[in-house]
Amino acid sequence: MHIIGRVAHMLKLRGFSIQTRELTESLRERLDFAQAVPWVGEVGGRGQALIFYFAADAAQAAANADRWGLAPGANPMPAALASELRAVLPAYCVPAYLVQMDAIPLHPVSGKADLRSLPSVMETVTETADETSGTTEDAVIAAAARAMGCAPGRIDADLSFHDQGGDSLMCVALILDLERIYDRPVDFELAMNVPLHRLDALLSGQGGAAIPTGAFERPGLLLTGATGFLGGHVLARAARDLPAGHVVYCLVRDKRRDARERLDEVARRHGVPPERYVMVPGTLDAPRFGLDGAAHERAGAGGGVGRALRGDGQHGGGAQEMRDWSARGIEVVLEFCRAAGADLRFSSSSAVFPDRGGPWGEGPTVPWAGCTGYGAAKIAAEAAITASGVPAAILRLPSLYDLEAPNPRDICEIILAAALRAGAIPEGLCFPMTDVTAAAALLLGPITGPGGAGSVPVCNLIAEARVTLDGSMPARGWLDAVDLPPGIARVIAQAPDTLRVDARFDNAVARAAWARVSDAPFETICDAPAFLARRRATYQSEPALT
């Protein structure tokens, strides 16, 4: 073994890794210098920033002045040079400052760059011009700059806050500023991941997200989670079964992609014609879904919305955060149902119970030791619905499958795909799954009770059958043999029961409800042999990676 030295040197800035050699080479093509040292340093009161120190002789300095307007000493990154660099580097790798020096200081012993002797940079750029034009987009740029501790001129309106190096802690500061500017709640994912110019358009109601003039004037139902796996199937079934003239109002929030674009894509995939659905831009955890008072009043004052269906709607986070978020969302939905005189169908989860044991009943339950934040949030939501007096039904579901198209986000599908691709099956693999079309049919059927304690039906839509495979190797050895996302591999390593979800469930209420919507036997809601045959054909026919 011959040690030839370090191949690359990295700097860390707000959690991002910056390859200094790549940065230096990219700048060498655009800037004249003899030596250079990228470094992360404190800049005045703005916090840490990426600084590019470089040594230039008289001719090189003259060339830099002619091309970029650089002077000796510290210079804010010229906008034109920053634009060129963003075309070849991630935005967080673009320096905030260029410091032109006669020579890079060297350490007297090692002969390497003496980083402690590099001159500090003081911020001299004023922000007033960026905040006096009166446009909210300028205010968004200024807010992003304050959150990131840089000059507004460093912010690119065409990039998201995240893509410019903003982290989650900075995003909290950004959200507080945006809520002050727009006087409305601001979604975290929206603030973090939407390009800033579009963020302004969305928050000011100019981004194509305005509620149509005829909102809530036609009869129909309100669906949340329409762009999710279950929600898309509910939308398709409702569009097929609703009477002529009825529509599905789809509550959709903007994420990394435009809400309208995501909803239209789901509708096209399921063959839903545009006249059968109406997009309602909003979010569950904002008062009145974030709608203006007039739109919300139209919905409750005879808009004809007779049902509200709470679809997928999963949210990541800790147990208490999940419960708080779910509680806000459920209260907003219940308020809507009371105003509109609508009943509620709520998709809950088998996660309200442990993965083993049973039979688990079709009634109220409470959090148990080891209950996930997601399960605890569903339990709290079920209790709120039961106590509300709103006519409702609760449908508990395991993982859902579609014979035609796997759900790439479902943990059971991910585990099964890894096993079939690797030809290695963990011992005892077992979990319940239900056909998503069966879940959609039941959610849209006549299943609600009048509301109040003891009168809200709770259905465990879970058959006796389990998706299972003959085991061939221990779970820990299997993890070493397959390719899984790190997060899921960590879950399985810490909780091996994830591979053996063999709990049993009472389903008498679900069977009775199923008989009201279908002539097929209840057992058809889980056709495990057909499901496994489809997945084997899908995953084992893929070309091997070489």
Are more than 12 heavy atoms from other residues, nucleotides or ligands located less than 6.0 Å from atom CH2 of Trp68? yes
Salt bridge between Arg345 and Asp343, side-chain N to carboxylate O under 4.0 Å? yes
Quick check: do Pro38 and Thr24 have side-chain heavy atoms less than 4.5 Å from each other? yes
Does a side-chain heavy-atom distance below 4.5 Å link Phe52 with Phe33? yes
Any Val280 side-chain heavy atom under 4.5 Å of Val252 side chain: no
Please identify each residue that fulfils side-chain contact (heavy atoms from CB on, under 4.5 Å) with Ile414, with sequence neighbours left out. Leu484, Pro485, Ile488
Side chains of Pro105 and Leu118: closer than 4.5 Å at any heavy-atom pair? yes
Would you check if Asp402 and Phe229 make a side-chain contact, meaning some heavy-atom pair closer than 4.5 Å? yes
If we only count heavy atoms from C-beta on, is the Leu81 to Leu27 side-chain gap below 4.5 Å? yes
Quick one: list whatever passes side-chain contact (heavy atoms from CB on, under 4.5 Å) with Pro273, sequence neighbours left out. Glu275, Arg276
Whether Arg338 and Glu331 form a salt bridge (side-chain N of Lys/Arg under 4.0 Å from carboxylate O of Asp/Glu) is what I want to check. yes
Below 4.0 angstrom, N of the basic side chain to O of the carboxylate: do Arg269 and Glu265 qualify? yes
Any heavy-atom pair between the side chains of Arg396 and Ser349 that's under 4.5 Å? no
Side chains of Gln100 and Asn75, donor plus acceptor under 3.5 Å: no
May I ask you to check whether Asp177 and Tyr182 show a side-chain donor-acceptor distance below 3.5 Å? no
What I'd like to find out is whether the side chain of Tyr249 reaches to under 4.5 Å of the side chain of Leu221, using heavy atoms alone. no
By side-chain contact (heavy atoms from CB on, under 4.5 Å), Cys93 pairs with (sequence neighbours left out) Ile18, Leu89, Pro90
